[in-house]
Amino acid sequence: MQERRGMMFYRMLEKSFHSKRHRLWFPPLTSVDLPDIWIPNKDTSINTNSAIEQTARVLEGKPIANNINSRIAAEICEMKNRIGKTPGLGVILVGGRRDSQSFVHIKMKACVKVGIAPFTVELPEDCSEAELLDAVSSFNENPLIHGVMVQLPLPKHLDDEKIISYVSPEKDVDGFHPTNMGNLAMRGREPSFIPCASKSCIELLLRNDVEIKAKNVVVVGRSKLVGSPTSLLMQRHHATVTTVHAFTGNPEQITHGADILVSDIGVPNMIRGHWLKPGVIVVDMGANSVEDTSSLQRHRLVGDVCYEEAIVKASAITPVPGGVGPITISMLLSNTIDAAKRTYRHTQ
């Protein structure tokens with residue numbers, strides 16, 4: 001009798017649980033993805049007093065990039081001599097954004113300099129998704145092209161997630177394909193490629209003898225292109241990682257505990273000197289164009305971190321421009337030659 005009553009109770013409970021009134025509904029993750037909208041500081045005054053004594057070591061990226069590019073050029077020369085093959089990089093550019101055109105030009109120029117064969121496809125701003133997917137597919141199937149990248153951001157009518165997923169994981173030299181990002185997130189697995197900007201951040205630190213293991217690392221920003229993969233990669237190097245984003249309630253308090261601070265938020269001079277603890281190592285991955293009437297171009301690039309204030313607090317800091325930027329291009333070239341070596345190793 002008692003067992004029967006128990007069965008009746010559980011049936012009633014199950015019926016109630018699955019009724020419309022009590023049904024639990026878990027929305028898909030995409031519906032709760034809110035855009036990170038960073039609000040600049042109200043106090044925009046910056047102390048540019050030249051009498052302030054610089055304390056931070058400036059971590060220049062160009063010497064490191066030149067060293068990497070020289071090694072890549074030598075490897076490509078050896079590849080040509082041994083098997084008569086040349087790595088190829090295919091880049092797809094959609095629309096006429098000046099910054100995107102500039103980035104593609106820099107990448108293609110770097111390819112030629114080290115001996116990588118560049119292939120480009122330029123599509124109009126209003127191109128259809130089918131046209132863009134056809135361009136990606138043609139690069140995927142071209143045996144002369146070992147690396148494929150789609151210059152981001154894309155026009156708003158195009159689904160960048162779908163386009164990135166269409167790139168062959170074996171040619172995804174940007175490292176953004178879900179397969180590569182998923183493997184990066186899982187210990188014990190190795191992605192075919194690591195996103196270039198995140199890889200350049202680690203490369204710069206290691207080449208400057210900066211210890212990452214067991215350090216408190218704060219990554220400001222969680223973009224899928226830089227912030228998120230950098231957080232994952234820092235964890236793979238055994239750092240204790242905290243991510244600060246636009247909805248973080250106490251960002252200044254959190255950043256003040258960082259041994260290493262990495263910034264990628266796209267707001268000029270957002271991170272001020274009082275956000276930093278003395279001796280912190282700052283890797284500024286922002287590149288923001290601001291008006292500058294004193295320059296011929298009428299604008300200049302600045303980072304997310306207020307350089308003038310940070311340089312007297314930090315023990316080391318990357319400049320903008322000239323910090324991680326040049327190394328990021330080198331990482332793209334490195335990923336491309338790695339893709340070519342894998343291809344020819346499997347076909348011989």
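In this text the structure is predicted, and so the values were computed from the model without any measurement.
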*Asks:* Are Met186 and Val241 connected in the hydrophobic side-chain network, where two residues link if heavy atoms are under 4.5 Å apart?
*Replies:* no
*Asks:* Can Lys224 and Glu161 be counted as an ion pair, charged N to O under 4.0 angstrom?
*Replies:*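 Counted as a salt bridge, because a side-chain N and a carboxylate O are separated by less than 4.0 Å.
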*Asks:* Taking atom CG of Asp160 and atom OG of Ser165, what is their separation to the nearest 0.5 Å?
*Replies:* 9.0 Å
*Asks:* Are more than 12 heavy atoms from other residues, nucleotides or ligands located less than 6.0 Å from atom NZ of Lys85?
*Replies:*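 12 or below, so no.
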*Asks:* Quick one: do Glu211 and Lys215 satisfy salt bridge (charged side-chain N to carboxylate O under 4.0 Å, His left out)? Show the steps, please.
*Replies:* CA-CA 7 Å; Glu211 182 71 40; Lys215 297 298 183 182; over 6 Å; no
*Asks:* Lys113 and Asn69: side-chain contact (heavy atoms from CB on, under 4.5 Å), yes or no, with the steps?
*Replies:* CA-CA 9 Å; Lys113 197 168 182 178; Asn69 293 351; over 6 Å; no
*Asks:* Between the side chain of Ser334 and the main-chain N/O of Ser330, is any donor-acceptor distance below 3.5 Å?
*Replies:*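 Pair absent, no side-chain N/O of Ser334 close to backbone of Ser330.
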*Asks:* Rounded to the nearest 0.5 Å, what separates atom CG in Asn180 from atom CZ in Arg189?
*Replies:*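 The CZ atom of Arg189 is 12.0 Å from CG of Asn180, to the nearest 0.5 Å.
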*Asks:* So does His274 have more than 12 non-hydrogen atoms from other groups sitting under 6.0 Å from NE2?
*Replies:* yes
*Asks:* With a 3.5 Å cut-off and no angle check, do the side chains of Asp304 and Asn288 form a donor-acceptor pair?
*Replies:*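 Short answer, yes.
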*Asks:* Hey, could you give me the SG/CD1 distance between Cys196 and Ile329, rounded to the nearest 0.5 Å?
*Replies:*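 So the gap between those two atoms works out to 8.0 Å.
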*Asks:* State whether the side chain of His177 and the backbone N or O of Thr179 hold a donor-acceptor pair below 3.5 Å, judged by distance alone.
*Replies:* yes
*Asks:* For Val244, does its backbone N or O pair with a side-chain atom of Thr248 as donor and acceptor, under 3.5 Å?
*Replies:*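 No, the answer is negative, given that no donor and acceptor are paired below the 3.5 Å cut-off.
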*Asks:* Identify the heavy atoms of Phe176 and Ile164 that sit nearest to each other, and give their distance.
*Replies:*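 What the structure gives for the nearest pair is O-CG2, 3.4 Å.
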*Asks:* Mind running side-chain contact (heavy atoms from CB on, under 4.5 Å) on Val121 and Leu123 for me, showing each step along the way?
*Replies:* CA-CA 7 Å; Val121 168; Leu123 298 173; 4.0 Å; yes
*Asks:* With side chains defined as the heavy atoms from C-beta onward, is the minimum distance between Val112 and Pro118 less than 4.5 Å?
*Replies:*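 Touching, per the 4.5 Å side-chain cut-off.
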*Asks:* Do Arg342 and Glu170 sit within salt-bridge range, that is, some charged N less than 4.0 Å from a carboxylate O?
*Replies:*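 Judged by the 4.0 Å cut-off on N to carboxylate O distance, Arg342 and Glu170 do not form a salt bridge.
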*Asks:* If you take all heavy atoms of Val226 and Ser223, which pair is closest and at what distance?
*Replies:*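 For Val226 and Ser223, the tightest heavy-atom pair comes out as N-OG, 3.1 Å.
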*Asks:* Please determine whether the number of non-hydrogen atoms from other residues, nucleotides or ligands lying under 6.0 Å from atom CZ of Phe103 exceeds 12.
*Replies:*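 No, not enclosed.
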*Asks:* Can you find a pair of side-chain heavy atoms, one from Ser192 and one from Pro169, that are under 4.5 Å apart?
*Replies:* no
*Asks:* Kindly indicate, with the supporting measurements, whether the criterion side-chain contact (heavy atoms from CB on, under 4.5 Å) is fulfilled by Asp259 and Val280.
*Replies:* CA-CA 5 Å; Asp259 300 315; Val280 65; 6.0 Å; no
*Asks:* When you group the ILVMFWY residues by side-chain heavy-atom contacts below 4.5 Å and let the links chain together, are Ile327 and Val320 in the same group?
*Replies:*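 No, Val320 does not connect to Ile327 through the hydrophobic network.
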*Asks:* Verify side-chain contact (heavy atoms from CB on, under 4.5 Å) between Asn142 and Ser138, making sure each step is shown before the conclusion.
*Replies:* CA-CA 6 Å; Asn142 190 334; Ser138 68; over 6 Å; no
*Asks:* Distance alone, cut at 3.5 Å: any donor-acceptor contact between the side chains of Thr318 and Asp284?
*Replies:*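 Thr318 vs Asp284: no donor-acceptor pair found between side chains.
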*Asks:* Could you measure the distance from the CG atom of Asn140 to the CG atom of Leu133? Nearest 0.5 Å is fine.
*Replies:*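 Output value for this atom pair is 10.0 Å.
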*Asks:* Which residue is it: Glu308, Glu309, Glu252? I am looking for the one with a salt bridge (charged side-chain N to carboxylate O under 4.0 Å, His left out) to Arg272.
*Replies:*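 That would be Glu309.
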*Asks:* Does a donor on one side chain sit under 3.5 Å from an acceptor on the other, for Ser137 and Glu141?
*Replies:*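 Judged by distance alone, the side chains do pair up.
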*Asks:* Just how far is it from atom OG of Ser263 to atom CD1 of Ile265, taken to the nearest 0.5 Å?
*Replies:* 4.5 Å
*Asks:* Is there a side-chain contact between Asp159 and Glu129 in this structure, where contact means two heavy atoms from C-beta onward sitting under 4.5 Å apart?
*Replies:*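 Yes - at least one pair of side-chain heavy atoms lies under 4.5 Å apart.
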*Asks:* Between Ala339 and Val173, what is the shortest heavy-atom contact and its length?
*Replies:* CB-CG1, 4.5 Å
*Asks:* Would you check if the distance from the ring center of Tyr344 to the ring center of His146 is below 6.0 Å?
*Replies:* yes
*Asks:* Search all heavy atoms of Met181 against all heavy atoms of Leu232 and return the closest pair with its distance.
*Replies:*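 Closest approach of Met181 to Leu232, heavy atoms only: O-CD1, 4.4 Å.
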*Asks:* Taking Leu204's backbone N and O only, do any of them form a donor-acceptor pair with Asn208's side chain (distance below 3.5 Å, no angle check)?
*Replies:*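 Checked: pair present.
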*Asks:* Decide, yes or no, whether a salt bridge links Lys341 with Glu75 under the criterion of side-chain N to carboxylate O below 4.0 Å.
*Replies:*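 Salt bridge flag = yes for Glu75 with Lys341.
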*Asks:* Taking 4.0 angstrom as the limit, do Arg222 and Asp264 come out as a salt bridge?
*Replies:*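 Asp264 and Arg222: not salt-bridged.
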*Asks:* I need the Lys199 NZ to Leu184 CG distance, nearest 0.5 Å.
*Replies:*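 So the gap between those two atoms works out to 11.5 Å.
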